[in-house]
Amino acid sequence: MGEKIRVLLTEEEVNRRISEVAAAVSRDYEGKTVHLICVLKGGVFFTCELAKRLTVPVSLDFMSVSSYGDETKSSGVVRIVKDLDESLKGKEVLIVEDIIDSGRTLSYLIEVLKQRGPESIRLCTLLDKPERRVKKEVKVDYTCFSIPDQFVVGYGLDYAQKYRNLPYIGVVDFVD
């Protein structure tokens, strides 16, 4: 079985919306330093583009949390693959995620990070699939795009580690 990718959101649409979200984040964190937590691997493209557009001071750390493996649907089992390097004590934390699907991973991650003493925790995502949400209590503070329940790749999102480098968001269609 192979894959065919069709464009859902163009590179121009994605770049324009990231700039708009960055402006909102900058307004909300005015006078403060925002500590971005990039959720690897998919979030790295979005985090870098968002950070470049922020007008407030930024610090950055990385975390890897998995619930997918090589599947197209979340397994529901969340595990921390790589933890943060720095303390969160007293920091204004913004978790930056590529996509929020069921919400299980983010629900787990937010609870873990709250215990580390940050001043605040907010959530920013490139893509949100609200109709797939299982964990309704996950509050997304900044969303670039809400998308339908389709399997997407590009701009950091992958299928079995492929297609992360696409400069747009594409839908995977599986073909024989």
Side-chain angles (χ1 to χ4, degrees), residues 9 14-15 17-69 74-130 132-147 152-158 161 164-165 169:
L9 298 164
V14 173
N15 285 327
R17 185 65 184 133
I18 291 173
S19 292
E20 293 168 0
V21 168
V25 170
S26 294
R27 277 191 305 276
D28 291 350
Y29 286 95
E30 191 174 332
K32 301 175 184 174
T33 296
V34 61
H35 186 68
L36 302 179
I37 295 179
C38 172
V39 181
L40 297 171
K41 297 178 185 170
V44 74
F45 289 76
F46 176 44
T47 301
C48 290
E49 292 302 319
L50 179 69
K52 288 190 311 190
R53 292 167 171 86
L54 293 175
T55 58
V56 295
V58 172
S59 59
L60 178 64
D61 206 345
F62 299 89
M63 189 169 212
S64 183
V65 184
S66 178
S67 68
Y68 280 84
S74 173
S75 66
V77 177
V78 179
R79 64 186 180 93
I80 294 176
V81 179
K82 184 231 176 282
D83 208 340
L84 299 172
D85 293 329
E86 300 177 26
S87 167
L88 296 182
K89 192 94 175 130
K91 293 183 179 177
E92 302 284 349
V93 171
L94 181 62
I95 300 169
V96 183
E97 182 60 288
D98 55 356
I99 189 165
I100 301 174
D101 195 323
S102 69
R104 286 186 190 104
T105 301
L106 269 297
S107 177
Y108 172 80
L109 182 58
I110 289 167
E111 288 310 309
V112 167
L113 297 180
K114 277 182 182 175
Q115 297 170 17
R116 299 182 184 186
E119 182 66 28
S120 68
I121 295 181
R122 292 184 186 174
L123 179 56
C124 180
T125 189
L126 177 61
L127 303 173
D128 189 12
K129 289 185 185 178
R132 295 259 312 139
R133 191 85 75 251
V134 172
K135 293 288 190 175
K136 304 290 185 200
E137 70 275 7
V138 172
K139 178 182 181 277
V140 184
D141 300 282
Y142 307 98
T143 301
C144 288
F145 299 97
S146 288
I147 62 169
V152 291
V153 294
Y155 223 91
L157 294 119
D158 74 297
Q161 299 301 325
R164 286 189 197 278
N165 61 317
I169 305 297

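Only this structure's heavy atoms are used, side chains among them; waters, hydrogens and symmetry mates stay out.
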Practice task
May I have the step-by-step check of side chain to side chain contact (heavy atoms under 4.5 Å, CB included) for Ile121 and Ile95, ending in yes or no?
Solution key: CA-CA 7 Å; Ile121 295 181; Ile95 300 169; 3.8 Å; yes
Practice task
List the steps, then state whether side chain to side chain contact (heavy atoms under 4.5 Å, CB included) holds for Ile80 with Tyr108.
Solution key: CA-CA 10 Å; Ile80 294 176; Tyr108 172 80; 4.1 Å; yes
Exercise for the section: Decide yes or no on side chain to side chain contact (heavy atoms under 4.5 Å, CB included) for Leu126 and Ile169, but give the supporting numbers first. Expected result: CA-CA 10 Å; Leu126 177 61; Ile169 305 297; 4.0 Å; yes
Problem - Check against side chain to side chain contact (heavy atoms under 4.5 Å, CB included), Phe145 and Val14 - result: CA-CA 9 Å; Phe145 299 97; Val14 173; 4.2 Å; yes
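With hydrogens and angles disregarded, a donor-acceptor distance shorter than 3.5 Å links the side chain of Arg17 to the backbone of Thr143. With hydrogens and angles ignored, the 3.5 Å screen pairs no side-chain donor or acceptor of Arg133 with any backbone N or O of Gly103. The backbone N or O of Ile99 sits nowhere less than 3.5 Å from a side-chain atom of Lys129 that would complete a donor-acceptor pair. Looking at Asp158, its side chain never comes within 3.5 Å of a backbone N or O of Arg164 through a donor-acceptor pair. Of the possible donor and acceptor atoms, one in the side chain of Ser26 sits under 3.5 Å from a partner among the backbone N and O of Thr55. In this structure, Thr125 contributes its side chain and Leu127 its backbone to a donor-acceptor pair below 3.5 Å.
Screening Leu50, Leu36, Thr47 for a side chain to side chain contact (heavy atoms under 4.5 Å, CB included) with Val58, the sole residue that qualifies is Leu36.
Here the OG atom belonging to Ser19 is positioned 9.5 Å from the NZ atom belonging to Lys52, to the nearest 0.5 angstrom. Between the CD atom in Glu49 and the CG atom in Leu54 there is a gap of 11.5 Å [rounded to 0.5 Å]. In this structure, CZ in Phe45 is found 9.5 Å from CG in Leu157, a value given to the nearest 0.5 Å. The CD1 atom of Ile37 sits 13.0 Å away from atom SG of Cys124, with the distance rounded to the nearest 0.5 Å. Summarising the geometry, atom NZ belonging to Lys89 is positioned 13.0 Å from atom CZ belonging to Arg116; distances are rounded to the nearest 0.5 Å. Ser120 OG to Leu88 CG: the interatomic distance, rounded to the nearest 0.5 Å, is 10.5 Å.
In summary, Arg27 and Glu30 do not engage in a salt bridge, as defined by a charged side-chain N under 4.0 Å from a carboxylate O.
Using a 4.5 Å cut-off on side-chain heavy atoms (C-beta onward), Asp61 and His35 make contact. When side chains are defined from C-beta on, Glu86 counts as touching Lys91, because their heavy atoms get closer than 4.5 Å. Using a 4.5 Å heavy-atom threshold, the side chains of Asp28 and Tyr142 count as touching. Ile18 is listed as a side-chain neighbour of Phe46, based on a closest heavy-atom distance under 4.5 Å. By the 4.5 Å heavy-atom criterion applied to side chains, Pro118 and Leu113 are not counted as neighbours. Residues Lys139 and Leu123 fail the side-chain proximity criterion, which asks for heavy atoms closer than 4.5 Å. Side chains of Leu94 and Asp141 form no contact here, defined as non-hydrogen atoms less than 4.5 Å apart. In this structure, the side chains of Asn15 and Tyr155 come closer than 4.5 Å at one or more pairs of heavy atoms.
Nearest approach of Leu40 to Ser64, heavy atoms of both residues: O-OG, 3.9 Å.
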